[in-house]
Asker: 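What follows is a single structure, and I will ask about it in a moment.
Predicted model, so just to flag it, every value in this text is computed and none were measured.
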Amino acid sequence: MNAEIKVELSPRQQELILRGLRFVRSSVALDMVDHTTEVAESRRRQYEELDELRQLLAGSESRSAASV
């Protein structure tokens, strides 16, 4: 994810997006696939990407613009 988009979000909009990210993380965890090393690695990468985005949004609560 090299592209950067600046958006202005209200605190309510940030909370809605963060709630959505929690839902997506749960979806990744509950995905019904055979457990393999590749699946575990893919899941780990997805968690890292979600956590990075969550940190960007959560860190932007004091600012009016969020980098996505």
Side-chain angles (χ1 to χ4, degrees):
M1 284 198 259
N2 293 335
E4 187 173 300
I5 300 170
K6 301 262 186 210
V7 288
E8 292 189 28
L9 300 172
S10 70
R12 175 70 178 141
Q13 290 169 323
Q14 288 174 323
E15 179 56 33
L16 288 172
I17 291 174
L18 290 170
R19 284 177 54 199
L21 288 175
R22 286 191 290 271
F23 178 80
V24 170
R25 184 176 175 85
S26 295
S27 174
V28 169
L30 296 173
D31 193 16
M32 301 295 285
V33 294
D34 292 332
H35 186 75
T36 64
T37 305
E38 293 82 18
V39 168
E41 181 62 25
S42 173
R43 201 173 268 178
R44 185 191 61 75
R45 280 192 309 273
Q46 290 177 50
Y47 287 152
E48 286 176 358
E49 290 172 351
L50 290 167
D51 286 342
E52 179 183 351
L53 184 53
R54 182 194 53 79
Q55 289 172 1
L56 284 171
L57 290 167
S60 68
E61 289 177 4
S62 61
R63 299 189 312 254
S64 61
S67 297
V68 179

Asker: Please give me the minimum heavy-atom distance between V39 and V33, naming the atom from each residue.
Answerer: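 Distance-wise, the nearest heavy atoms are CG1-CG2, 3.4 Å.
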
Asker: List the steps and the verdict of salt bridge (Lys or Arg N to Asp or Glu O under 4.0 Å) for E15 and R22.
Answerer: CA-CA 11 Å; E15 179 56 33; R22 286 191 290 271; 3.1 Å; yes

Asker: Would you say that E41 contacts E38 through its side chain, given a criterion of any heavy-atom pair below 4.5 Å between the two side chains?
Answerer: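 Heavy-atom side-chain distance check fails, nothing below 4.5 Å.
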
Asker: Would you give the length of the straight line joining atom CD of E52 to atom CG of L57, rounded to the nearest 0.5 angstrom?
Answerer: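 The CD atom of E52 sits 10.5 Å away from the CG atom of L57.
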
Asker: Could you measure the distance from the CG atom of L18 to the CG atom of L9? Nearest 0.5 Å is fine.
Answerer: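 It comes to 9.5 Å.
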
Asker: Side chain of S27, backbone of F23: donor and acceptor closer than 3.5 Å?
Answerer: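 Not a single qualifying donor-acceptor pair exists.
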
Asker: Quick one: do R54 and D51 satisfy side chain to side chain contact (heavy atoms under 4.5 Å, CB included)? Show the steps, please.
Answerer: CA-CA 5 Å; R54 182 194 53 79; D51 286 342; 4.1 Å; yes

Asker: Working to the nearest 0.5 angstrom, can you tell me the gap between R43 CZ and E48 CD?
Answerer: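 R43 CZ to E48 CD: 14.0 Å, rounded to 0.5 Å.
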
Asker: Would you sort out whether L16 and R12 count as a side chain to side chain contact (heavy atoms under 4.5 Å, CB included), showing the intermediate values?
Answerer: CA-CA 6 Å; L16 288 172; R12 175 70 178 141; 3.7 Å; yes

